[in-house]
Amino acid sequence: MSKPEMLNYINGEWVKSKSETIGDVWNPAKGEKIATVRYGSKDDVDMAVKAAKEAFPEWRETPPLNRARYLFRLKEAFEDNFEDIARVLTIEQGKILDEARGEVRRMIENVEHATGVTTLMTGYTLEDIARGIDCMGHRQPLGVFAGIVPFNFPGMVPWWFMPYALVSGNTYVLKPSEQVPMTQTKIFEIVEEAGFPEGVVNMVHGSKDVVNGLLDHPDVEGISFVGSTPTAKYIYQRCGETGKRVQALGGAKNVVAVMPDAPLSSCIPNAVASFYGCSGQRCLAGSILAPVGGAADEIVEKFLFSAKAIAVGDGLNEDTAMGPVAGKAHKERVLGYIEKGLAEGAELILDGRNCKVEGYPEGYFVGPTIFDKVTPDMVIAHDEIFGPVVNIVRCKDLDDVIKLVNSRKFANATSIYTSNGGTAREFKYRVKPSMVGINIGIAAPMSFFPFGGAGNSFFGDIKGHGQEIFQFFTDTKVVIERWL
Ligand code: NAD
């Protein structure tokens, strides 16, 4: 039976790219092909940007409240299709249904937040900056923006940016990850129902050629990127060369510290979810567990006990606690890091390499894995593994753990478990990562706060969602006015 092909959405129509490069889409739990996607070309980008550019003048003049009404309709349509979106997401990405549902909820929250445009996009004024002269700063949209996104959150991540760009009066071109194109295709079927004017919102599937087409296009004003650090750096540099606005969110290596005074009965299950949720494929996932001081043995023992209990399987089964990793190549990469850890002399106390799931012999499963006695200089303590592999670095005190956090080149997120307010304050004050959890393993900012890290985890200044994102999508035009 032929597999469905994912089409581009340009100027209000579903269009087939003329490109001959066709990629497969896989169900990672079954290891089977489920769809195909054509990797678009510069021509597809040109078509989409042309449509978006032509739609801009009329869309820009549409009053902000009227633009917001499209988002209200979209929110309702997303709610009506909530479960269907979550299922498609699980089928192509692998995460369990509950995680997919959480992702869709976060996606919708961004649509909801963006509807506040009439207060969030306002400029500011001051009378009498000199006698009889008034000054006002208007926030104006710029034109066509584009989004380039990763494989791990195919539903939510595009919506960290797109609703804000649109409601501010810009038009948009999205490039989903070529590994997981089905989720946004499903979502764009719903976008179509919301009835945006033709050309306001567009989607082009593909990989590097589409990215480079967007980077080179003179009519693209700015790019929002989320993905690995090497690609984020590349996007940031190229946007610098061509004078585009850019926000580029990269990889992570998050430390989760457990102080000896932490209430272990509540913090261990929370920490375990931080490391193994989405099979470790989250930019906010814990990667290094840092038990501090004398309680380390007890912390490790309890963590190991909980990790062993995780039921691995197909994310569509409601009793599965952890799904597969998202692709075959990705599984090999994760296994490669486990070999690396062994070669470096870390102690493998839980080995997920030969994880078997009954009835799913071809699935890309890696079981919960734990390395103890990892030292901060090891490769597995520096590189982003992006899988269900926990690296335990034992620390002697708070200074030691803060030093560990601040010596990683990534600075996306970090968490501490403690019952001491002074310890928590010291930690949040001194650590470099910009998303900090206190007794929370996944410090995920909600749509009304900014999302993004520091160091090698973020390139740019204005982060994803939050209130500041309206600055990214607008230019402040200052008018100085005197009436004679
Ligand atoms: P990736 O960098 O391989 O791909 C991201 C996007 O860039 C994709 O759309 C892809 O088609 C494109 N791309 C890849 N290589 C390219 C190249 N050489 N030239 C031009 N375009 C290219 O990332 P991924 O593997 O899809 O996603 C996983 C990464 O994303 C992890 O590092 C993870 O930490 C990161 N991530 C970060 C955040 C955050 O908020 N900081 C959130 C989610 C994911």
Side-chain angles (χ1 to χ4, degrees), residues 21 23 25 37 39-40 42 45 92-95 103 106-107 110 146-161 173-181 183-184 203-216 223-239 246-254 277-287 325-327 329-331 333-334 337 383-387 408-414 433-435 442-445 447 449-460 463-466 469:
T21 312
V25 186
V37 58
Y39 289 5
K42 181 180 171 302
V45 173
E92 73 167 349
Q93 205 279 339
K95 66 180 63 176
E103 177 173 347
R106 287 281 165 121
M107 171 184 106
N110 279 283
I148 300 162
V149 291
F151 77 81
N152 63 327
F153 280 94
M156 171 185 73
V157 166
W159 296 84
W160 285 355
F161 313 102
V173 181
L174 173 69
K175 190 208 85 66
S177 164
E178 63 275 31
Q179 288 181 57
V180 284
T183 304
Q184 281 304 320
M203 175 174 64
V204 180
H205 289 294
S207 63
K208 289 181 198 173
D209 288 348
V210 176
V211 172
N212 288 325
L214 290 166
L215 289 169
D216 290 337
I223 304 262
S224 302
F225 171 84
V226 182
S228 62
T229 287
T231 325
K233 270 188 181 163
Y234 169 72
I235 303 277
Y236 186 66
Q237 281 163 357
R238 291 294 316 281
C239 286
V246 59
Q247 42 184 186
L249 286 71
K253 189 77 187 174
N254 305 320
C278 299
S279 311
Q281 301 163 111
R282 285 199 275 216
C283 68
L284 294 178
S287 177
V325 296
H330 193 61
K331 176 175 174 177
R333 181 190 136 93
V334 174
Y337 272 110
D383 283 12
E384 181 181 43
I385 300 173
F386 221 51
R408 303 305 92 187
K409 55 187 185 292
F410 298 108
N412 209 42
T414 186
S434 6
M435 293 180 277
I442 293 283
S447 57
F449 283 90
F451 194 114
N456 265 5
S457 296
F458 179 67
F459 304 90
K463 298 178 176 177
H465 55 64
I469 200 155

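All figures in this text were calculated on a predicted structure; none of them were measured in a lab. The figures that follow rest on heavy atoms only: side chains count, while hydrogens, waters and symmetry mates do not. Just follow the structure's listing: the first ligand is 1, and inside any ligand the first atom is 1.
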Just to check, does F153 reach to within less than 4.0 Å of ligand 1 when the distance is taken from its heavy atoms?
no
With a cutoff of 4.0 Å, is V149 in contact with ligand 1, counting heavy atoms of the residue only?
yes
Can you name the residues that form a side chain to side chain contact (heavy atoms under 4.5 Å, CB included) with V37, not counting sequence neighbours?
M6, V25, Y39, P181, H205
Check this for me - ligand 1, T231, N or O atoms closer than 3.5 angstrom, yes or no?
yes
Between G250 and ligand 1, does any nitrogen or oxygen pair lie at a separation below 3.5 Å?
yes
Of the choices S287, P181, A248, G227, which has the non-hydrogen atom that lies closest to atom 35 (C) of ligand 1?
G227
Based purely on interatomic distance, does S228 place a nitrogen or oxygen under 3.5 Å from a nitrogen or oxygen of ligand 1?
yes
For the 3.5 Å polar cut-off, considering only N or O atoms, please tell me whether S457 and ligand 1 meet it.
no
Testing the basics here: between V157 and P150, what is the closest heavy-atom pair and its distance to 0.1 Å?
CG1-CD, 3.8 Å
Closest candidate by heavy atom, reference atom 5 (C) of ligand 1, pool T229, L284, L174, V226:
V226
Can you figure out which of W160, F225, F151 has its heavy atom closest to atom 26 (O) of ligand 1?
F151
Can you tell which part of E384 has a heavy atom less than 4.0 Å from ligand 1: side chain, backbone, both or neither?
side chain
K409 atom NZ, over 12 foreign heavy atoms within 6.0 Å:
yes
Mind checking whether K175 has an N or O less than 3.5 Å away from an N or O of ligand 1?
yes
Check whether any heavy atom of F451 sits under 4.0 Å from an atom of ligand 1.
yes
